[in-house]
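Side-chain atoms are counted along with the backbone in the values below, which use heavy atoms only and exclude waters and symmetry mates.
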Amino acid sequence: MRRLFFYLWIGFGFISLAALGAAATGPATVAFVDVTVIPMDTERTLAGQTVIVKGDKIAEVGPVGTVKIPADAQRIEGKGKFLIPGLGELHGHNPPLGSSPQYFEDVFFLFVANGVTTVRSMQGFPGQLEWREKARRGEIVAPTLYLAGPSFNGQSVPTPQSAIARVRDQKAEGWDLLKIHPGIKPEVYAALAQTAKDVGIEFSGHIPADVGLVACIKHGQRTVDHLDGYIEHLAAKDGPIDRAKLAEIVKFTRETGTWVVPTMALWEVILGGVRAEDVAAYPELKYMPRPVIESWRKGYTSRLANPNFNAAQVKRIIENRNVLLKALHDGGVRIVFGTDAPQQYSVPGFSIHRELAAMKAVGMSNFAVLQTATKNVGDYYKDREAFGTVTTGQRADLVLLQANPLDDLGHVAKRSGVMVRGRWLAEADIQARLEKIAAAAAAK
């Protein structure tokens, strides 16, 4: 079931940043008053809190009555509401080369609209680094971006020499990490890994079949995305997982400090484990243009109709992936959240709600699932920035919810607004823009 996936996107115009006006910029100081804070550092809730944001940082968190609200602060009433950290998407994607500037802004907005305030984009194209800087400068409404460069695969790096040169080039160009795709030969991967260590850049993504899971981890691949390579390592495509071998690879993954990005919901689609009529009925598809939806429909129905499609094997793989994720979690492996959006039937931002539910379904607690998208993402980037919890000094990425997500992960979709790097977007403004996005998509 290992494939090299490429992403086909069609640019479509939506409204600009200016349409959000003051909602996108706002005052330098914001106060969330009488809110229940869910810090996400430990499993706890703090009722009756005031949270002061100054610029792009959380300046103070404390009980109502003990925190002085600056006279010039924008007050956001939080009584009966819950404040959580912004969510991270550690396997997302930017639009590809040739996409319009407006299309970039709109894809980024779809993430933010759902509370996604950090995205590690896992396959870059020339000219995209400026979008990372635009986001950080606040010129567009967008998550904080960490960008992988153009793909390392069997075609782009056929020899060790080509891999060495490509690693050095991407480091010099300023990419945040290297994206690993299938097809790389062992000697090429070894040269890539050593050069990446020498120049100081991480490499993450897929597990090339000829290299294998254990070798990739030994070489220092920082994340294994999509649980790639585990089912193959466990020889679990057609039968149950060997529990002893599973325990061994879980222990190895934990002890090497390797991170895992599961992308459970999307991979059920990639494998063909969801009925075509069910994916076609996803309500969030209204935010994607009709040509894109049609290309997804054709690709998916064609996959299911392929004479070589083995429904029983697909069911077994999906079941074993669920067992695997639960074992990795229970075994103390570091897990970070990702959905692989935009991708087939995975709409940016909206995809997080399906992924939260999929991770919960394997047996993880609500807190554990939510922590993979908040504190764990902050821990992943702790050497670069402080974010991922609602505590003093952290980057002010916040989501204000109408109900407690620790009771029900579905409450993550019940927002009152989103703050990204200190900029507050009220839910009414978010919905107004989403309506225009949907209207523009339907017109294509």
Side-chain angles (χ1 to χ4, degrees), residues 1-5 90-91 120 122-123 148 151-154 157 160 163 167 177-197 201-264 266-268 270-271 313-314 316-338 340 359 362 372 376 380:
M1 289 292 177
R2 180 178 280 112
R3 304 183 183 92
L4 176 59
F5 296 104
L90 266 285
H91 194 115
R120 187 180 70 155
M122 290 298 290
Q123 184 176 341
S151 169
F152 284 73
N153 57 68
V157 286
V167 171
L177 71 152
L178 314 176
K179 169 62 182 286
I180 305 301
H181 261 138
I184 302 174
K185 298 300 181 184
E187 66 276 13
V188 176
Y189 188 97
L192 180 164
Q194 185 57 55
T195 308
K197 293 174 189 175
I201 188 169
E202 74 168 271
F203 51 103
S204 296
H206 288 259
I207 300 298
D210 290 345
V211 182
L213 177 65
V214 171
C216 286
I217 291 176
K218 285 183 176 179
H219 277 299
Q221 183 163 316
R222 194 173 186 206
T223 67
V224 177
D225 296 37
H226 320 300
L227 302 182
D228 202 26
Y230 279 93
I231 295 298
E232 291 79 5
H233 175 79
L234 295 165
K237 285 187 176 181
D238 298 299
I241 290 178
D242 182 312
R243 292 291 175 163
K245 196 170 185 180
L246 175 60
E248 181 182 338
I249 194 61
V250 167
K251 181 174 182 288
F252 178 67
T253 305
R254 181 188 69 249
E255 291 182 345
T256 54
T258 306
W259 296 78
V260 170
V261 189
T263 66
M264 302 300 283
L266 183 278
W267 227 246
E268 285 196 33
I270 291 296
L271 290 167
Q313 185 183 67
V314 166
R316 172 64 77 178
I317 292 173
I318 291 171
E319 290 172 349
N320 284 341
R321 282 173 56 85
N322 290 341
V323 170
L324 170 61
L325 178 57
K326 182 62 162 54
L328 290 167
H329 168 66
D330 291 348
V333 171
R334 299 189 292 183
I335 299 170
V336 277
F337 190 87
D340 205 359
M359 295 178 75
V362 309
T372 70
N376 289 10
Y380 187 87

*Asks:* Determine whether the aromatic ring centres of residues H181 and F152 are separated by less than 6.0 angstrom.
*Replies:* no
*Asks:* Let me confirm one number: the CG-CD distance from L178 to E202, rounded to the nearest 0.5 Å.
*Replies:* 8.0 Å
*Asks:* In Å and rounded to the nearest 0.5 Å, what is the CE to CD distance from M264 to E268?
*Replies:* 7.0 Å
*Asks:* Just how far is it from atom CG of L325 to atom CG of N320, taken to the nearest 0.5 Å?
*Replies:* 12.5 Å
*Asks:* Go through it in stages, so that I can follow the logic: the residues are C216 and H206, the test is side chain to side chain contact (heavy atoms under 4.5 Å, CB included), and I'd like the CA-CA distance, side-chain angles, deciding distance and then a yes or no.
*Replies:* CA-CA 9 Å; C216 286; H206 288 259; over 6 Å; no
*Asks:* Just verifying a value: how many Å separate W267 CH2 and I317 CD1, rounded to the nearest 0.5 Å?
*Replies:* 11.5 Å
*Asks:* Which atoms form the tightest heavy-atom contact between A148 and K179, and what is the distance?
*Replies:* CB-CB, 4.0 Å
*Asks:* If you take all heavy atoms of R321 and H226, which pair is closest and at what distance?
*Replies:* NH1-O, 2.6 Å
*Asks:* With a 4.0 Å cut-off, would you call D225 and R120 a salt bridge?
*Replies:* yes
*Asks:* Do other residues, nucleotides or ligands put more than 12 heavy atoms under 6.0 Å from E248 CD?
*Replies:* no
*Asks:* Could you give the distance from NZ (K251) to CG (L246), rounded to the nearest 0.5 Å?
*Replies:* 13.5 Å
*Asks:* I'd like to know if the side chain of Y230 pairs up with that of T253 as donor and acceptor (distance under 3.5 Å, no hydrogens or angles considered).
*Replies:* yes
*Asks:* Under the criterion side chain to side chain contact (heavy atoms under 4.5 Å, CB included), I'd like the reasoning laid out for E232 against L213: C-alpha separation, chi angles, the key distance, then a yes or no.
*Replies:* CA-CA 9 Å; E232 291 79 5; L213 177 65; over 6 Å; no
*Asks:* May I ask you to decide if G257's main-chain N or O and R334's side chain share a donor-acceptor pair within less than 3.5 Å?
*Replies:* yes
*Asks:* Of all the heavy-atom pairs spanning D228 and V224, show the shortest one and how long it is.
*Replies:* O-CG1, 3.2 Å
*Asks:* Would you indicate whether K245, at its atom NZ, is surrounded by more than 12 heavy atoms from other residues, nucleotides or ligands within a distance under 6.0 Å?
*Replies:* yes
*Asks:* At what distance, to the nearest 0.5 angstrom, does OG1 of T258 lie from NZ of K218?
*Replies:* 12.0 Å
